[in-house]
Amino acid sequence: MIRYIGKRLFYGLITLIGITVIDFILMNMAGNPIEILAGSPKVSKEALAIRAAQLGLDKPAWQQYFIWIRQILTGNFGYSYKSYQSVSSMMLSHLGPTLILMGTALLISMTISIIFGIYSAVHAHTKRDYSIVSLAFLGQSVPGFFMALLLIDLFCVKLGILPSSGMRNLSDPGNGVQLRYLILPALVLALGQAGNDIRYIRSAMLEILNQDYLRTVKGKGVGRRILIYKHALRNALIPIVTVFGMEIPGLFGGSIIIEQIFSWPGLGLMTMNAILQRDYPVIMATCLLSAVVVLAANILTDILYAVVDPTVKLGKED
């Protein structure tokens with residue numbers, strides 16, 4: 001296990017370096033942030049040159065990349081081109097709301113997916129099964145931004161029972177997240193993921209339920225509940241773990257659009273603002289964090305394989 005984790009971390013590091021190189025190339029292809037200031041007639045060329053030198057944008061792209069890497073290795077993510085704040089402090093201040101939103105959405109999605117996925121598999125080829133599968137397809141096919149607008153129109157505009165944006169009421173005491181502000185964005189993220197997960201869990205359970213050994217267990221008089229949740233579900237955990245391991249990066253990426261729609265003060269909203277303003281240090285830092293989240297989720301998923309299935313030997317080569 002230790003050897004496997006070390007190998008995955010090494011490959012993950014190589015992948016991470018490749019991602020940063022690609023991101024940096026794309027950033028430079030998108031244009032120089034100084035060009036935004038150049039559009040103002042009040043800014044002289046001399047002032048633009050001084051500003052470019054201060055930001056290190058007067059150097060070749062490859063030198064800028066290695067300077068950025070050296071700063072990252074010392075824990076310095078640089079400073080925002082727009083707000084002049086430390087990127088590290090900006091990310092820390094926005095990370096909490098994003099983790100709260102992602103964690104809540106993941107919990108809702110897992111609950112919905114497991115309950116309805118198992119129920120659909122147990123009642124396969126019935127009207128209830130077809131209804132659940134149809135709703136799962138609907139939840140998966142409807143874009144997140146469109147579902148968000150529908151829910152805002154229903155619960156905020158027509159019914160007026162939920163707020164449409166923000167994380168809390170500024171007039172209320174305290175700085176924590178208020179539950180009613182969390183419901184809609186978490187629900188939008190969860191429903192999009194649950195629609196896909198229900199079908200995977202249903203397929204995994206159906207495959208296990210049709211195995212001969214389960215028929216033998218059933219023939220021995222084992223109860224239906226024990227048969228499903230002790231024998232079938234346990235053997236279907238590997239594909240289920242895979243599904244939820246893939247869901248974490250999806251939630252992290254999907255939160256960018258959802259946070260923008262609901263004005264949720266997380267990393268997604270900060271990233272969108274940085275993209276519109278060509279704030280490269282912030283964009284590079286969030287891209288790096290996204291890559292780390294994806295790689296960590298993949299490694300964690302592989303480790304969980306060994307936990308749910310002792311026959312999996314991660315430390316040995318095939």
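Throughout, residue positions are numbered sequentially from 1 according to the sequence presented. Values reported hereafter were calculated over all heavy atoms of this structure, with side chains retained and with hydrogens, waters and symmetry mates removed.
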- prompt: With F77, which residues qualify under ring-ring contact (aromatic ring centres under 6.0 Å, His included), at least two apart?
  reply: none
- prompt: Can you find a heavy atom in the side chain of H125 that is under 4.5 Å from one in the side chain of Y130?
  reply: yes
task: Report, as yes or no, whether the 6.0 Å neighbourhood of atom CG on L288 holds more than 12 heavy atoms from other residues, nucleotides or ligands.
output: yes
- prompt: Is Y81 atom OH crowded by more than 12 heavy atoms from other residues, nucleotides or ligands, each under 6.0 Å away?
  reply: yes
message: Using side-chain heavy atoms (C-beta onward) and a distance below 4.5 Å, is L189 in contact with S255?
response: yes
- prompt: Side-chain heavy atoms under 4.5 angstrom apart, residues restricted to Ile, Leu, Val, Met, Phe, Trp, Tyr: same cluster for I118 and L206?
  reply: no
field: Residues which pass salt bridge (charged side-chain N to carboxylate O under 4.0 Å, His left out) with D129, listed by chain and number, not counting sequence neighbours
entry: R202
- request: Determine whether the side chains of R128 and Y119 contain a donor N or O and an acceptor N or O closer than 3.5 Å.
  value: yes
- request: Name the orientation class of the two ring planes belonging to Y65 and F24 (parallel below 30°, tilted from 30 to 60°, perpendicular beyond 60°).
  value: perpendicular
query: More than 12 heavy atoms of other residues, nucleotides or ligands under 6.0 Å from OH of Y11: is that the case?
result: no
query: For the side chain of N76 and the backbone of I72, is there at least one donor-acceptor N/O pair under 3.5 Å apart?
result: no
message: Before you tell me yes or no, could you show the steps for T15 and L295 under side-chain contact (heavy atoms from CB on, under 4.5 Å), namely the whole-Å CA-CA distance, both residues' side-chain angles and the distance that decides it to 0.1 Å?
response: CA-CA 9 Å; T15 304; L295 293 173; 4.3 Å; yes
- request: Give a yes or no on this: more than 12 heavy atoms of other residues, nucleotides or ligands lie within 6.0 Å of atom CD of Q63.
  value: yes
query: Looking at residues at least two apart in the chain, or sitting in another chain, which of them share a salt bridge (charged side-chain N to carboxylate O under 4.0 Å, His left out) with K158?
result: D153
- request: List the steps and the verdict of side-chain contact (heavy atoms from CB on, under 4.5 Å) for I258 and W264.
  value: CA-CA 8 Å; I258 301 304; W264 187 264; over 6 Å; no
L191, N196, L135 screened by side-chain contact (heavy atoms from CB on, under 4.5 Å) with Q140, the one that passes: N196
